[in-house]
Amino acid sequence: AMGYKPLRSITELDIVAMMNTRAGLSESAIRHTYIIVNAIFRAAVRNRMIQFNPCEGVELPEGTTGTHRALEHWEIDLIEKVAQTHRLGYGIMLMLWAGCRRAEACAFTSDDIEGDELRIRESIEWFSNQPAIKNPKSEAGTRMTPIFPKLRPFLSKQGYAVTNAQGKGPVSRSAFTRAFNSFVYR
């Protein structure tokens with residue numbers, strides 16, 4: 001880091017040293033840091049506080065790449081097939097076709113269906129494995145999402161989308177984990 005060093009005395013080597021402290025982070029985090037630092041120095045050049053931008057020519061250290069990727073068609077087909085008979089199928093389909101997070105799918109009930117849309121308005125928070133319904137912090141936390149045709153067959157179920165082995169919800173964290181592992185390894 002550059003501490004209290006005046007802008008005009010910061011060199012390319014200082015920028016390289018600072019960026020090297022980010023090595024091993026995600027490529028996105030490294031790039032984001034560089035974009036911000038570069039913008040500061042570009043503004044300083046525009047405002048004639050410094051004559052050159054010490055970020056120019058700096059090579060960024062290597063970062064890690066994420067494990068997120070789009071599902072392939074055969075994977076989607078397999079998920080849909082298992083979902084038809086698995087007790088977690090409805091919740092999995094909400095995650096796949098409505099973009100729900102795990103905690104949102106676990107809190108989703110048949111009351112959240114409004115015509116041709118789903119109202120995603122609550123989530124589950126687990127305290128010592130026990131579920132508690134949590135409302136969003138702001139109105140922006142509630143969203144409407146269209147019902148995709150592949151999700152429609154699951155919407156006839158009453159009550160919670162994700163239930164425990166006895167058909168009750170909301171589920172504990174361990175019940176969800178067991179059901180999810182069962183789904184994945186089926």
Side-chain angles (χ1 to χ4, degrees), residues 1-77 79 91-108 112-127 131-151 161-162 173 176-177 180 184:
M2 296 166 270
Y4 294 99
K5 199 171 186 178
L7 275 179
R8 65 184 167 279
S9 62
I10 295 174
T11 66
E12 184 178 340
L13 289 176
D14 293 320
I15 302 297
V16 168
M18 190 230 6
M19 292 307 300
N20 283 340
T21 66
R22 309 293 284 169
L25 297 178
S26 70
E27 286 181 8
S28 173
I30 293 169
R31 191 171 45 256
H32 187 73
T33 301
Y34 177 78
I35 287 169
I36 291 171
V37 172
N38 189 34
I40 291 168
F41 283 103
R42 280 196 338 257
V45 169
R46 271 195 319 275
N47 290 304
R48 294 179 171 74
M49 296 171 73
I50 57 177
Q51 292 181 339
F52 71 96
N53 181 348
C55 292
E56 288 181 17
V58 169
E59 288 189 32
L60 302 181
E62 284 194 32
T64 60
T65 55
T67 57
H68 293 74
R69 62 175 179 78
L71 294 174
E72 295 183 23
H73 292 291
W74 70 269
E75 292 170 310
I76 293 171
D77 292 343
I79 290 168
I92 294 291
M93 295 299 281
L94 283 169
M95 290 185 266
L96 180 63
W97 293 114
C100 287
R101 297 171 183 91
R102 170 185 66 174
E104 292 170 337
C106 288
F108 189 87
D112 296 322
I113 302 167
E114 297 183 13
D116 287 336
E117 293 185 308
L118 307 175
R119 180 180 297 279
I120 312 300
R121 59 188 169 95
E122 296 175 325
S123 63
I124 291 283
E125 193 167 355
W126 287 284
F127 297 98
I133 299 292
K134 184 176 97 172
N135 291 316
K137 294 176 185 168
S138 70
E139 194 58 35
T142 298
R143 66 187 186 281
M144 299 297 288
T145 185
I147 297 174
F148 282 84
K150 293 193 176 198
L151 181 57
V162 177
R173 182 188 305 243
F176 178 86
T177 301
F180 186 78
V184 169

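When reading the values below, keep in mind they use all heavy atoms of this one structure, side chains included, and skip hydrogens, waters and symmetry mates. Keep in mind it's a predicted model, so treat the numbers as computed, not measured.
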Inset, instruction - Compare all side-chain heavy atoms of W126 with those of C106 and state whether any distance is below 4.5 angstrom. - result: yes

Inset, instruction - Find the distance between CE (M19) and OH (Y34) and round it off to the nearest 0.5 Å. - result: 8.5 Å

Legend entry - Worked check of side chain to side chain contact (heavy atoms under 4.5 Å, CB included) between M144 and L118: CA-CA 6 Å; M144 299 297 288; L118 307 175; over 6 Å; no

Legend entry - NZ-CD1 distance between K150 and I79, expressed to the nearest 0.5 angstrom: 11.0 Å

Inset, instruction - Check step by step if side chain to side chain contact (heavy atoms under 4.5 Å, CB included) holds for I147 and I113. - result: CA-CA 9 Å; I147 297 174; I113 302 167; 4.2 Å; yes

Inset, instruction - List the atom of A107, the atom of I133, and the distance in Å for their closest heavy-atom pair. - result: CB-CD1, 4.0 Å

May I have the list of side-chain donor-acceptor pairs in residues 52-66 shorter than 3.5 Å, sequence neighbours left out?
residue, atom, partner, partner atom, Å
N53, OD1, C55, N, 2.8
N53, ND2, N38, OD1, 2.7

Inset, instruction - Salt-bridge test for K134 and E104: reply yes if a basic N is under 4.0 Å from a carboxylate O, no otherwise. - result: no

Inset, instruction - Please check if atom CD in Q51 has more than 12 non-hydrogen atoms from other residues, nucleotides or ligands closer than 6.0 Å. - result: no

Inset, instruction - Please examine the side chains of C100 and I120, heavy atoms only from C-beta on, and report whether any two atoms are closer than 4.5 Å. - result: yes

Legend entry - Non-hydrogen atoms of V162 and A105 that approach each other most closely: CG2-O, 3.7 Å

Inset, instruction - Would you mind reporting whether T33 and L25 have side-chain heavy atoms less than 4.5 Å apart? - result: no

Inset, instruction - Quick one: do R121 and N135 satisfy side chain to side chain contact (heavy atoms under 4.5 Å, CB included)? Show the steps, please. - result: CA-CA 7 Å; R121 59 188 169 95; N135 291 316; 5.7 Å; no

Inset, instruction - Report the distance from atom CZ of R102 to atom CZ of F180, rounding to the nearest 0.5 Å. - result: 9.0 Å

Inset, instruction - Using the side chain to side chain contact (heavy atoms under 4.5 Å, CB included) rule, take F108 and S123 through it: C-alpha gap first, then chi angles, then the decisive distance, then the call. - result: CA-CA 8 Å; F108 189 87; S123 63; over 6 Å; no

Legend entry - Over all atoms of both residues, closest heavy-atom pair of F148 and W97: CD1-O, 2.9 Å

Legend entry - Euclidean distance, I92 CD1 relative to L151 CG, rounded to 0.5 Å: 12.5 Å

Legend entry - Interatomic spacing from CD1 in I30 to CD1 in I35 - rounded to 0.5 Å: 12.0 Å

Legend entry - Test item: I15 and F41 side chains (from C-beta on) under 4.5 Å apart, heavy atoms: yes

Inset, instruction - To the nearest 0.5 angstrom, please state how far the OG1 atom of T145 sits from the CG atom of D116. - result: 12.0 Å

Legend entry - Within residues 21-47 or reaching into it, pairs that qualify as salt bridge (Lys or Arg N to Asp or Glu O under 4.0 Å) - sequence neighbours excluded: none

Could you pull out every donor-acceptor pair under 3.5 Å between side chains of residues 6-13 and any protein atom, sequence neighbours left out?
residue, atom, partner, partner atom, Å
S9, OG, P6, O, 2.9
T11, OG1, L13, N, 3.3
T11, OG1, D14, N, 3.3
T11, OG1, D14, OD2, 3.3

